[in-house]
Protein chains: 2
Amino acid sequence: MKLSTAEENYLKAIFKISEKANKSASTNAIARHLSTSAASVTDMLKRLSEKGLINYEKYKGVTLKSAGIKQATQLIRKHRLWEVFLVKKLRFSWDQVHEIAEQLEHIESEELIMRLDAFLDYPKFDPHGDPIPNADGKFTIRSQTPLSDMHKGQQGMLVGVKDHTTEFLKYLNSLNVKLGTMISVIDSVPYDGSMNVNLDSKKEIMITSIVAQNLLIRIG
Amino acid sequence: MKLSTAEENYLKAIFKISEKANKSASTNAIARHLSTSAASVTDMLKRLSEKGLINYEKYKGVTLKSAGIKQATQLIRKHRLWEVFLVKKLRFSWDQVHEIAEQLEHIESEELIMRLDAFLDYPKFDPHGDPIPNADGKFTIRSQTPLSDMHKGQQGMLVGVKDHTTEFLKYLNSLNVKLGTMISVIDSVPYDGSMNVNLDSKKEIMITSIVAQNLLIRIG
DNA sequence: TAATATTTTTAGATCAATCTAAATATATAT
DNA sequence: ATATATATTTAGATTGATCTAAAAATATTA
Ligand SMILES: [Mn+2]
Ligand SMILES: [Mn+2]
Ligand SMILES: [Mn+2]
Ligand SMILES: [Mn+2]
């Protein structure tokens, strides 16, 4: 089935919202996610329901049907593969690629994605540490813990970020924190949740709770 | 100025039509080129005129203004750079890339194109031998002659094709004719314009007039 | 030049995607 | 449980891009 860019974006939004909360997506949540009005969302939900991509009952919120999951997953696959291309091949920095990938993900060609995947050597994670679903829609899972949940003395490698905004990523750049950086907890302040951490056994820095919550660590 | 995909396609069509004939583009010619109705074309011409991209007078046909030429040229630049990427990096064959490039050419990011150009090592020609305008819109020009205009004994290198259809390109594949192939004219038949030619001083084949007209040779 | 053919424009509709304002349903609090 | 607040849907409009059919302008031919 050939979907419009708008339809694809709605499916992706529903996928991400229900994945995070592990429940159905509300009209308002979708509107917020896509920066559009609730009325527009209702309109689109009717159309997507008509096409058999979602389960929709008035006032009840929506979930994706299997066809919708498939579409959303493929879109995420394309988005993340393009992000890898932009960073690895075109040498963009990780804070510059999301907007461009938002456009590239809608290019329609199975063959293109297969070849791109091969060209990039079948990457499993994107530049932000997010897993890239394979052609069948399967995600690689990986145990990861928000730095904010770690205790004094624990250490591990930065494998992902929760916040993908340019501002956050640029802040990390300025701290020289990137995927692969080894982080160990020196201590944490119970009062405000801020932490002193050591980076790659070299530099010691202080970060706030909010930052720590957005850094995902593979402990060990 | 940010243009829609439709607007960009119209500008490109007008550019190509007026370039070929070196005169203004008629409503019908544009409609034919874009496989749409003359009424739709008239509609769009009004909008493009409003935006100052074209010179349009009712019943007189259109030409591009400098802003329109700039947009069309940038679009062609993007299209051809992406075609090079698809062939050189993703190993598509030259008959598979046009449709995908039709989509990729509308991705909006100056930075992306600059980096893609560098990644591809600043190519001057696309996989069909068409010149790629530089960032300022300048095309590299090259003397070339349709094989059909060449005479017995003349020879040269295939540097371009006029017909870009998959069928034509696949036919050339089957003959092992590609850009760079050396072609020499053994003789030509005045009756129907067909020719006997030699390829890379190896194989001798016969081609019809219509094929010869679509092969562009750099003589010498 | 007058009749005819062709090209182009206009009129009027449709469809997707969006909006604001108003109505209705559901959730929360007193 | 009733009142109030919030969430969602409906009603009605708008915009871009398209269509068909009909009208008008231009070009061709006799
Ligand atoms: Mn992204
Ligand atoms: Mn990402
Ligand atoms: Mn092409
Ligand atoms: Mn080409």
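The side chain of T42(B) contributes no N or O atom lying less than 4.0 Å from OP1 or OP2 of dT10(C). Remark: N28(B) is in phosphate contact with dT8(C), judged by side-chain N or O atoms under 4.0 Å from OP1 or OP2.
Side-chain atoms of R218(A) do not come within 3.5 Å of backbone N or O of V159(A) as any donor-acceptor pair. A donor-acceptor pair is defined here as one N or O able to donate and one able to accept, closer than 3.5 Å; such a pair exists between the side chain of D163(B) and the backbone of T165(B). Counting only distance, with no hydrogens or angles, the side chain of S174(B) and the backbone of Y171(B) share a donor-acceptor pair below 3.5 Å. Using a distance-only test at 3.5 Å, with no hydrogens or angles considered, a donor-acceptor pair links the side chain of D192(A) to the main chain of S194(A).
Cation-pi contact between R142(B) and F125(B): present, with separation from the ring centre below 6.0 Å and deviation from the ring axis of at most 45°.
The aromatic rings of F85(B) and F119(A) sit perpendicular to each other, their planes meeting at more than 60°, with 30° as the lower class boundary.
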Under 4.0 Å protein heavy-atom contacts per nucleotide of nucleotides 11-22 of chain D, with B for base, S for backbone only and - for none
-----SBBBB--

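For residues 51-61 of chain B, proximity to DNA chain D is found at Y59(B), defined as any non-hydrogen atom under 4.0 angstrom from a strand atom.
Neither side chain, N28(A) nor S26(A), offers a donor N or O lying under 3.5 Å from an acceptor on the other.
Computed from coordinates, the L48(A) CG to dT18(C) P distance equals 11 Å when rounded to whole Å. Atom CG in L45(A) sits roughly 11 Å away from atom P in dT10(D) (whole-Å rounding). A straight line from NZ of K46(B) to P of dT8(C) spans 14 Å, rounded to a whole angstrom.
Contacts classified as side-chain hydrogen bond (donor to acceptor under 3.5 Å, both in side chains) and involving residues 122-133 of chain A (residues at least two apart or in different chains) are given here: E83(A)-H128(A), D130(A)-H164(A).
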